[in-house]
Amino acid sequence: MVVRYLLRALSLLPFSAISGAVGSPDQVKQIAIIGAGAAGSSAAYHLQKYANESHIAINVTVFEKTGRIGGRTLTVNVYDDPIEPIELGASIFVDVNYILSNATRDFKLTVKDPGTEEGGLLGIWDGESFVYTQDSNSWDWVNLARLFWKYGTAPYYTNKLVQSTIATFLKLYEEPFFPFRSLSTRAFQLDLAKITGVTGRQFLAANNLDGPFAHHIVQASTRVNYASNLEFIHGLGAMVAMAPEGAKAIEGGNWQIFANMLKTSRADVHLNSPVTDISLDANQKYSITTEQVVVDGESKEVRSHPVAFDDVIIATPFQFANITTSENLIQHPIDTIPYALLHVTLFASPYKFSPAFFKMPPASNVPTSVLTTLGANEEAQPGRSGAGKAGFYSATLQRIVMNPRTHNPEYVYKIFSPEPVTPGFLSGLLGVEIPASFTRDGDEEGADATGDSISPISWIHAAWFHPYPQKYPRVTFQDPILGNGLYYTSGIESFISTMETSALMGMNVARLIIDDYAGIPRVEDEDLGAMHTMPKYEENEPDVLAKQQKVTAEQYGQPAEEVNEL
């Protein structure tokens with residue numbers, strides 16, 4: 001149902017084993033995975049699965065620089081209470097996310113509705129007024145009728161366009177398109193390059209859908225999901241942002257999917273082990289060096305891993321990994337691309353949002369979940385300037401909890417913004433003075449602030465991270481093969497960036513590796529041809545695509561900011 005689109009906003013012990021096949025030590029294939037996020041965990045899980053099916057003996061070793069599994073899926077505890085977990089990172093997945101949905105079923109994880117646990121108004125604010133509101137306590141058909149009354153048939157046809165686009169993308173899961181050695185080739189074969197090569201605004205305009213619904217609803221979705229306005233996100237990204245039908249999350253945290261993948265894979269997992277160097281040894285196998293914390297918990301030492309590897313999967317954005325490689329090791333260089341910088345602020349307060357902040361009369365019923373868009377005459381900007389007059393992407397009520405010190409109910413909010421949240425901003429948002437000392441000096445990454453004397457803000461957790469690339473229009477993408485036995489998963493993030501697509505690339509690389517071991521032939525890329533054509537797009541394609549590629553080359557080639565990931 002179209003109205004559901006608005007709701008999207010809303011330690012593992014090491015295991016070491018060889019997969020089921022029996023063979024001498026020389027016959028066992030050694031595979032290293034760098035990163036234990038969605039892609040790395042999925043790669044380990046599917047390597048074990050495919051190796052067992054082909055009766056190939058493998059041993060998988062996973063190196064993770066942090067002390068946890070899950071990458072950008074991160075759960076924190078309100079008031080540091082483990083019975084009150086809340087998602088900081090990747091919050092939802094959907095029914096068509098087959099890898100995550102199947103894993104949830106197979107691991108018998110408990111699914112929950114990821115929307116706010118409290119009813120109330122959801123509103124879209126343009127910095128001056130609410131351009132659209134809906135009541136989550138109303139019947140769905142009432143909200144749907146309101147949506148169509150305001151925007152005509154645009155919601156229906158936008159939904160159809162989203163469904164047809166997603167249906168095309170899902171062909172990447174199927175033979176002959178899966179597995180793929182070149183993501184760029186698959187994008188062209190499926191005509192998806194025609195959608196990634198233009199902006200979301202242009203793609204909607206080519207389908208006669210560039211009206212108020214696009215500006216209010218679709219753009220609010222691209223902002224909350226990808227921190228981008230329609231002029232600065234490609235068409236495929238815009239369609240994915242509008243596709244949360246069947247949204248769900250795992251009770252206790254989505255990271256459990258990936259922890260279970262690693263456990264099931266029986267991989268040898270090394271936490272707190274950032275990889276610092278990859279090189280080839282005399283036998284043309286890969287040697288990996290890591291930096292590990294020694295017994296005292298403070299000093300670190302560099303160690304060369306004793307096992308040489310036949311294959312290495314880099315399952316983390318390379319530009320943030322700080323890995324050196326020997327000369328000519330990476331035969332197909334990894335592009336440095338601009339990633340979004342997002343600030344996520346979770347906090348608890350006894351106060352509701354202030355009507356005055358949203359320029360509403362006193363005692364007005366203020367939406368408890370606020371998404372934002374640009375004003376009618378406001379020019380779209382990329383990057384940090386993209387929030388516009390509103391100043392933030394979303395501010396949403398997550399749940400009502402009991403303050404353990406006062407034993408009074410309080411509201412837990414989540415804010416997405418391009419800049420750190422300040423005391424002045426929160427003072428306006430809540431309509432009460434917030435002390436300047438509500439966070440620690442220096443705005444530390446992941447800083448918590450608590451204290452009996454702070455009544456307006458009783459708990460806060462602020463973090464910044466690079467959750468996804470800026471999805472500027474492009475028609476070529478980083479391929480998964482960097483060299484002989486060297487693979488990369490993060491190239492898919494410029495195409496689509498979700499937990500599921502990272503898991504898909506992990507599964508794809510696993511299939512490529514086991515196919516190569518087993519000598520399984522696949523249909524050559526050039527034999528597939530263009531086997532699918534997207535509807536309603538051909539008439540304006542040459543001019544729109546050519547123009548946009550020129551703009552992409554001239555304006556969008558921005559270097560990534562040198563900021564560490566969460």
(message) Looking only at the side chains, is there a donor atom on one of Q219 and T373 sitting less than 3.5 Å from an acceptor on the other?
(response) yes

(message) Quick one: does any side-chain atom of D479 pair with a main-chain N or O of L183 as donor and acceptor, under 3.5 Å?
(response) yes

(request) Say whether, by atom type as modelled, one donor and one acceptor occur between the side chain of E500 and the main chain of L100 under 3.5 angstrom. (result) yes

(message) So S494 and H234, do their side chains get closer than 4.5 Å, heavy atoms only?
(response) no

(message) For the backbone of E419 and the side chain of R384, can you confirm whether one donor and one acceptor N or O come within less than 3.5 Å of each other?
(response) no

(message) Rounded at 0.5 Å granularity, tell me how far CD1 in I337 sits from OH in Y468.
(response) 13.5 Å

(request) Flag the pair F169 / V96 as yes when at least one side-chain heavy-atom distance between them is below 4.5 Å, and no otherwise. (result) no

(request) With H46 as reference, evaluate V509, I99, L504 under the side chain to side chain contact (heavy atoms under 4.5 Å, CB included) test and give the passing residue. (result) I99

(message) Measuring from atom CG of L192 to atom OG1 of T165, what distance do you get when rounded to the nearest 0.5 angstrom?
(response) 8.0 Å

(message) Within the 4.5 Å heavy-atom criterion, are L429 and I415 side-chain neighbours or not?
(response) yes

(request) Using a 4.5 Å cut-off on heavy atoms from C-beta on, say whether the side chain of L172 contacts that of L190. (result) yes

(message) As an exercise, state the distance from CD1 of I86 to NZ of K414, rounded to the nearest 0.5 Å.
(response) 6.0 Å

(message) With rounding to the nearest 0.5 angstrom, report the CD1 to CG distance, I257 to N97.
(response) 9.0 Å

(request) Check the pair F148, Y156 against ring pair (Phe, Tyr, Trp, His ring centres under 6.0 Å), reporting the backbone distance first and the verdict last. (result) CA-CA 8 Å; F148 280 93; Y156 172 79; 7.2 Å; no

(message) For the aromatic rings, using the six-membered ring if either is Trp, is the centroid distance between F416 and Y226 under 6.0 Å?
(response) no

(request) Please work out whether the ring planes of Y413 and Y411 are parallel, tilted or perpendicular, with thresholds of 30° and 60°. (result) tilted

(request) Can you establish whether the number of heavy atoms outside E379 located under 6.0 Å from its atom CD is more than 12? (result) no

(request) Starting at CE of M507, measure out to OG of S502 and round the result to the nearest 0.5 Å. (result) 12.5 Å

(request) With the side chain counted from C-beta on, respond yes when T498 and F93 share a heavy-atom pair under 4.5 Å apart, and no when they do not. (result) no

(request) Would you confirm whether T199, through its side chain, and F232, through its main-chain N or O, come within 3.5 Å as a donor-acceptor pair? (result) no

(message) If you define the side chain from C-beta out and look only at heavy atoms, does anything of L230 sit under 4.5 Å from F203?
(response) no

(request) Walk me through it: do Y487 and I481 pass the test side-chain contact (heavy atoms from CB on, under 4.5 Å)? (result) CA-CA 5 Å; Y487 299 85; I481 301 177; 3.9 Å; yes

(message) Looking only at the aromatic ring of each residue, does the gap between the centers of H216 and Y151 stay below 6.0 angstrom?
(response) yes

(message) Can you confirm whether K352 sits close enough to V366 that some side-chain heavy atom of one is under 4.5 Å from a side-chain heavy atom of the other?
(response) no

(request) Without swapping roles, check the side chain of K471 against the backbone of E493 for a donor-acceptor pair under 3.5 Å. (result) yes

(request) Taking atom CG of N484 as the centre, report whether more than 12 heavy atoms of other residues, nucleotides or ligands fall under 6.0 Å from it. (result) no

(message) With ring pair (Phe, Tyr, Trp, His ring centres under 6.0 Å) as the criterion, how do F425 and F357 come out once you've worked through the C-alpha distance, each side chain's angles and the decisive distance to 0.1 Å?
(response) CA-CA 9 Å; F425 173 84; F357 181 87; 5.6 Å; yes

(message) Against the six-membered ring of Y132, is R146 placed for a cation-pi contact (under 6.0 Å from the centre, within 45° of the normal)?
(response) yes

(message) Rounded at 0.5 Å granularity, tell me how far CG in L342 sits from OG in S417.
(response) 7.0 Å

(request) State yes or no: are the ring centers of W125 and F353 separated by less than 6.0 Å? (result) no

(request) State plainly whether the residues D515 and R181 are in salt-bridge range, i.e. N to O under 4.0 Å. (result) no

(request) Could you tell me whether the side chain of R201 reaches within less than 4.5 Å of the side chain of H215, counting heavy atoms only? (result) yes

